[in-house]
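No experiment lies behind these values; they were computed from the predicted model shown.
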Amino acid sequence: MKFELQHTDSCSDARTGIITTEHGQIKTPIFMPVGTAGTVKGVHFSELVNQVKAQIILGNTYHLYLRPGLEILKQAGGLHKFNGWNKPILTDSGGFQVFSLTGIRKLSEEGCEFRSHIDGSKHFFTPESVMDTERIIGADIMMAFDECPPGNSNYDYAKQSLMLTQRWLDRCIKRFNETEPLYGYKQSLFPIVQGCTYKDLRTEAAQFVADKGADGNAIGGLAVGEPTEVMYEMIEVVNGILPKDKPRYLMGVGTPQNILEGIERGVDMFDCVMPSRNGRNAMLFTYDGTMNMRNKKWEMDFSPIDPNGCKIDRITTKAYLHHLFKAGELLAMQIASIHNLSFYLRLVNDAQKHIEQDDFTNWKSSVIEQLGRRI
C-alpha cells in the first residue's frame, strides 16, 4: 500500500491524499460504508458504485469468522471473490465486537474467550488467530487486535488495557510478518491507538504506534460516550504524533459534524454504521439538516429528496418515501440507506475540493451548524 499526500489546508491540518492498494485507489479524506457481514445492509454493490460512489468498504472479522465461516471464505478465494466487490476492503479486528459482549467473554494475556451471539458456542481470539483470520478474509487493510475499553474506564484500567493492547500489537506484527497473503495480492496492517480520554496514555500509545512504521494507523476507542470536545482533543493529541506521511483512520466516527471536525484535525479515513442504520429508521442526513421521513409534514411534499444528491435522490419525492416508510415497504430502507451513504461520500468529496481550493475552514464554518439542525 502506498499513500501520497497531495494538499494540506493552509489554515488547518485538513489534507487530501491518495491511498493505492492492489484493488484500486482511494482518494482521501474518505468515508467507508460498513459491510459488517460482507454486505452493506440494503444496498447492492452496483448502487454502492454508481450512486454512493464508494471507494472502499468494511468487513467485520468477528461476524465473518462466525458466519459464513473461514472455510467457506478460504474456498471462495477471500471476501472479494465471495461477495463480488472488486474495490478495496478494510477489516476491523473484531476487538470492539468481542469486548462489547459483556458477560459472555473472558479476557486474558493470551487473548479473549467469548461465546457467539448466534448460538452460544465458545471461541477464542488471540492476536495470532486474528491475523490468520484476516489473512483468510483477504482484506487490503487489516486492523490489529486490541482491547477497546469502556469510555468511562478509570485511569488504572485504561493504563492496564493499553499495556495489553501494546503487547498484543507486537504479537500481531510478528504474526503478520511471519505469514504471507493467501490470494496473490499484498495486505497492510494498521495498529490502533487506544488510551481512553487520558492525554498521557494517548500520547504514549500514539508514539508506540508511530514507532512501528506501519503503512497506516488507526485511532480507536472514541465516540463511545465521551463529550465531543474531549474526542476532538484526543484526535489532536494523537495526530500531533502519528506520522504525516501515513493515512490516519478514525474508527467508528460518526455524525457529519464529527467527520468535518476530524478532517480539520488531519484525519483521512472514517467509518460508521450511522448513515445506513439511521436511514433504515427513516432519518435522512442533508446539508440543510436531518429529516425524519415518518413525520406527517412530508406527506404532501412532492419535491425531490435532494435535488443536488445522487440519482435516486433526484427522482424520489419526499412524499413517496414518507409513504413507503408508513407502509412498511423494504424499498423505504433501501432508498434512505442509499441517500445517506451517498450524502456522506458527497460530504467528504466536497471537503476534498475545499481543501484543494484552500478554503476548507471557511466552508466548514458555513455548513457545520446547519448539518445538525432538525428540519
Participant: Please state whether the rings of Y155 and Y198 are parallel, tilted or perpendicular, taking 30° and 60° as the class boundaries.
Facilitator: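 Ring orientation of Y155 relative to Y198: perpendicular.
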Participant: Return the minimal non-hydrogen interatomic distance between F360 and A14, and the atom names on each side.
Facilitator: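 Scanning both residues, the minimum pair turns out to be CD2-CB, 3.8 Å.
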Participant: Would you say the ring centers of W363 and H354 fall short of 6.0 Å from each other?
Facilitator: yes
Participant: With no hydrogens and no angle check, just 3.5 Å: does a side-chain donor-acceptor pair link S12 and D9?
Facilitator: yes
Participant: Set out, in order, the CA-CA distance, both residues' side-chain angles and the distance that settles ring pair (Phe, Tyr, Trp, His ring centres under 6.0 Å) for F124 and F114, then state yes or no.
Facilitator: CA-CA 6 Å; F124 195 76; F114 63 95; 8.5 Å; no
Participant: Looking only at side chains, do T286 and D288 share a donor and an acceptor under 3.5 Å apart?
Facilitator: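 No, no side-chain donor-acceptor contact under 3.5 Å.
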Participant: Can you name the nearest heavy-atom pair linking M231 to E226, along with the distance?
Facilitator: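 Scanning both residues, the minimum pair turns out to be CB-OE2, 3.3 Å.
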Participant: Check whether the ring centres of F270 and Y344 lie less than 6.0 Å apart, and answer yes or no.
Facilitator: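 Between F270 and Y344, the centre distance exceeds or equals 6.0 Å.
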Participant: Step through it carefully: locate the ring centre of Y65, locate the ring centre of H123, and say whether they are under 6.0 Å apart.
Facilitator: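 Ring centres of H123 and Y65 closer than 6.0 Å.
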Participant: Which heavy-atom pair separates L64 from T36 by the least distance, and what is that distance?
Facilitator: CG-O, 4.0 Å
Participant: Decide if atom NZ of K244 counts as having more than 12 heavy atoms of other residues, nucleotides or ligands within a radius under 6.0 Å.
Facilitator: no
Participant: Any chance the rings of Y320 and F302 have centres within less than 6.0 Å?
Facilitator: no
Participant: For a quick check under 3.5 Å, do E71 and Q75 share a side-chain donor-acceptor pair by atom type?
Facilitator: yes
Participant: Taking atom types as modelled, find out whether Y185 and D140 have a side-chain donor-acceptor pair closer than 3.5 angstrom.
Facilitator: no
Participant: Indicate whether any N or O donor in one side chain lies under 3.5 Å from an N or O acceptor in the other, for E147 and T165.
Facilitator: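 No pair is found: no donor N or O on one side chain lies under 3.5 Å from an acceptor on the other.
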Participant: Among R346, K318, K311, R314, which residue meets the salt bridge (charged side-chain N to carboxylate O under 4.0 Å, His left out) test with D306?
Facilitator: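 Testing each of R346, K318, K311, R314 against D306, the sole residue satisfying salt bridge (charged side-chain N to carboxylate O under 4.0 Å, His left out) is R346.
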Participant: Going by atom types only, do N258 and Y232 share a side-chain donor-acceptor pair under 3.5 Å?
Facilitator: yes
Participant: Ignoring hydrogens and angles, state whether a donor on the side chain of N362 or S365 is under 3.5 Å from an acceptor on the partner side chain.
Facilitator: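 The criterion, which ignores hydrogens and geometry beyond distance, is not satisfied for S365 and N362.
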